Amino acid sequence: MNILLVTQIYPEPDDGKGYEATKTVEYFAREWVEAGHKIVVMHCPSRFPFIYYMVPEFLKNELRKRTYILVPTWSSTKAVYKQEYGIEVYRQPMRKWIPSQAYTRQAMSEQCHIIKKILEEINFVPDLVAGHFSNPSTELVRRLSKMYCAMSSIVFHNDCTPKNIKKYRIRENIEGIKAIGARSIVEAVSIKEQLRLQDLPFICYSGVPNDAIEINDRTCFKQDYKDGIQFLYVGGLVQKKHVDAVITAYSGLREKHGEINVSLKIMGGGSEEKELREMVRKLRLIDSVCFTGRRPRKEVLNEMKSAHVFTMISQGETFGMVYLEAMLQGCLVIASKGGGFDGIVEDGINGFLCEAGDAQMLETIYEQIIEMDTKQRNLIGQRAIDTAIQFSERTVAQRYLNDVIKRNQ
């Protein structure tokens with residue numbers, strides 16, 4: 001099958017610091033290539049006026065904190081081609097004057113014309129046009145799938161909001177798209193209500209790397225705490241991740257249980273790192289809290305293997321593959337209630353759920369974990385492993401494609 005993937009976000013060699021793109025779409029493309037499909041990716045990022053890229057670094061950080069808008073590098077405004085993992089990737093930026101504004105219908109028409117010309121040059125006729133992220137992919141998928149009489153799909157990433165529905169003409173555009181997907185069951189329910197759909201959107205989950213599952217220990221036996229408790233956070237150090245709540249809850253636990261050997265490792269980087277380090281200093285936790293910065297995936301997995309409790313209670317988390325990776329290693333995972341992982345993590349069964357950013361509730365969960373006996377904790381860790389094994393990259397990519405084909409039929 002010939003699959004045209006349209007996306008606003010895709011990893012590129014010139015991604016700047018703080019603007020490293022998620023590899024979610026790339027992982028799906030790689031698995032589909034392995035399954036024998038031909039994949040062409042149209043990466044359509046925004047291209048802003050030159051002055052936008054000259055913003056001082058401290059203003060960029062403030063922009064990230066307040067709006068979650070990332071400022072890309074100037075080189076990202078250039079159209080480029082690369083072939084990687086058997087995938088042909090064309091970056092074709094779209095001009096935009098103001099961040100978060102909608103593209104005009106004229107801009108959409110021009111982009112479709114450019115894409116059509118590229119596909120003609122490489123003699124590629126798509127059987128499926130699949131898009132990710134609401135803008136500009138929703139409208140591009142509708143136009144391109146109609147142009148080629150192809151199957152169509154769009155997957156939203158927590159960006160099908162009432163404001164975006166109106167601004168990006170989403171309700172109008174989905175009329176021409178057969179398969180509509182979401183990144184979590186919580187988001188799917190919201191989309192169905194917002195767009196007044198007859199059917200619930202299919203769930204497009206991320207997957208754990210196949211090799212991680214193949215070499216992983218399938219039995220959980222590490223939750224005995226004989227050498228203390230290792231707490232772990234992996235992710236961006238930005239406001240919406242609520243790393244400060246993790247530190248606060250950890251501090252409260254340490255104060256109450258001074259007799260227990262505990263440590264907290266924070267892996268990742270971001271605009272809040274300086275403030276978080278200062279917070280650790282003021283709470284006198286420097287001796288047991290370690291900041292590692294961004295680390296390679298292999299090192300992260302090794303830390304997960306030795307860690308006992310993994311916490312990420314961020315706001316508006318779309319999915320978070322890092323949860324699955326921690327579960328695969330038998331960690332007791334604490335995720336956000338009502339977030340993208342609510343539904344995969346079942347509270348008290350294979351992990352725990354906490355209100356986003358609620359330090360007091362998080363500390364209560366930590367207390368609950370300590371009060372459990374080793375057998376109970378290992379049982380939850382075992383269920384976490386059993387859950388994660390069902391979400392290999394290969395499995396979820398095939399499930400995603402099957403759902404799209406079924407809905408188009």
Side-chain angles (χ1 to χ4, degrees), residues 1-16 19-47 72-73 75-95 103 107-155 157 177 179 181 204 206-207 209-210 393-394 396-405 408:
M1 182 188 296
N2 287 348
I3 302 175
L4 175 63
L5 269 172
V6 182
T7 178
Q8 177 191 355
I9 301 174
Y10 198 85
E12 298 281 6
D14 55 4
D15 285 343
Y19 193 72
E20 294 85 357
T22 172
K23 295 185 178 182
T24 299
V25 180
E26 180 187 270
Y27 288 144
F28 288 128
R30 287 166 63 174
E31 288 302 324
W32 288 344
V33 166
E34 286 292 320
H37 303 290
K38 185 172 182 180
I39 310 297
V40 171
V41 173
M42 285 296 163
H43 177 200
C44 305
S46 299
R47 181 175 69 238
T73 60
S75 64
S76 70
T77 65
K78 310 298 181 184
V80 295
Y81 165 79
K82 70 175 181 179
Q83 188 170 34
E84 197 172 37
Y85 308 111
I87 308 162
E88 295 190 63
V89 182
Y90 294 85
R91 183 171 70 193
Q92 291 294 324
M94 298 178 68
R95 181 174 293 280
Y103 294 101
M108 292 290 186
S109 295
E110 291 174 359
Q111 189 74 352
C112 284
H113 177 74
I114 292 171
I115 293 172
K116 183 173 182 288
K117 186 176 180 181
I118 291 172
L119 297 185
E120 286 175 350
E121 289 174 355
I122 62 174
N123 195 30
F124 183 88
V125 179
D127 302 302
L128 165 64
V129 182
H132 282 261
F133 306 97
S134 61
N135 183 51
S137 296
T138 310
E139 187 159 341
L140 291 178
V141 167
R142 178 184 66 81
R143 289 171 177 262
L144 290 166
S145 61
K146 182 178 181 181
M147 185 184 298
Y148 289 100
C149 297
M151 292 185 289
S152 56
S153 170
I154 182 70
V155 174
H157 291 243
I177 299 177
C204 177
S206 289
N210 301 315
E393 287 177 343
R394 186 173 299 115
V396 299
Q398 187 57 55
R399 188 184 304 153
Y400 169 17
L401 189 55
N402 289 344
D403 283 338
V404 168
I405 293 172
N408 273 272

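As the structure is a prediction and not an experimental result, all values here were calculated from the model.
Between the side chain of H43 and the backbone N or O of V6, no donor-acceptor pair lies under 3.5 Å. A distance-only check finds a donor-acceptor pair linking the side chain of S137 to the backbone of H132 [under 3.5 Å].
For the atom pair S206 OG and Y400 OH, the distance stands at 10.5 Å (nearest 0.5 Å). Here R394 contributes atom CZ and E31 contributes atom CD; the two are 5.5 Å apart, rounded to the nearest 0.5 Å. Distance NZ/K38 to CD/E88: 5.5 Å, rounded to 0.5 Å. Taking OG of S46 as the reference point, atom CD1 of I9 lies at 9.5 Å (rounded to 0.5 Å). A distance of 7.0 Å separates OG of S134 from CD of Q8, quoted to the nearest 0.5 Å. Taken from CD in E139 to CD1 in I177, the straight-line distance is 9.5 Å, to the nearest 0.5 Å.
When all heavy atoms of M94 and P136 are compared, the pair lying nearest together is SD-CG, 3.6 Å. Nearest heavy-atom pair, N408 versus A179, reported as atom, atom and distance to 0.1 Å: ND2-CB, 3.9 Å. Between C204 and F28, the shortest heavy-atom distance links the atoms SG-CZ, 3.5 Å. Counting all heavy atoms, side chain and backbone alike, S153 lies closest to V404 at OG-CG2, 3.5 Å. Here the closest non-hydrogen pair linking L119 and M42 is CD2-CE, 4.0 Å. V155 approaches H157 most closely through the heavy-atom pair O-CD2, 3.3 Å.
Put simply, the side chain of I3 reaches to within 4.5 Å of the side chain of L401, judged on heavy atoms. A heavy-atom distance below 4.5 Å is found between the side chains of V25 and F133.
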Below 3.5 Å, can you tabulate the donor-acceptor pairs from side chains in residues 121-130 to any protein atom, sequence neighbours excluded?
residue	atom	partner	partner atom	Å
D127	OD2	N2	N	2.8

N/O donor to acceptor pairs below 3.5 angstrom from side-chain atoms of residues 109-116, sequence neighbours left out:
residue	atom	partner	partner atom	Å
S109	OG	R105	O	3.1
S109	OG	R143	NH1	3.0
E110	OE2	Q106	NE2	3.1
Q111	NE2	Q92	O	2.8
K116	NZ	E120	OE2	2.6

Please test Y10 against L5 for side chain to side chain contact (heavy atoms under 4.5 Å, CB included), starting from the C-alpha separation and ending with a verdict. CA-CA 10 Å; Y10 198 85; L5 269 172; 5.8 Å; no
Test E84 against E26 for side chain to side chain contact (heavy atoms under 4.5 Å, CB included), laying out the working first. CA-CA 10 Å; E84 197 172 37; E26 180 187 270; 4.1 Å; yes
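Atom CD of E34 has 12 or fewer heavy atoms from other residues, nucleotides or ligands within 6.0 Å.
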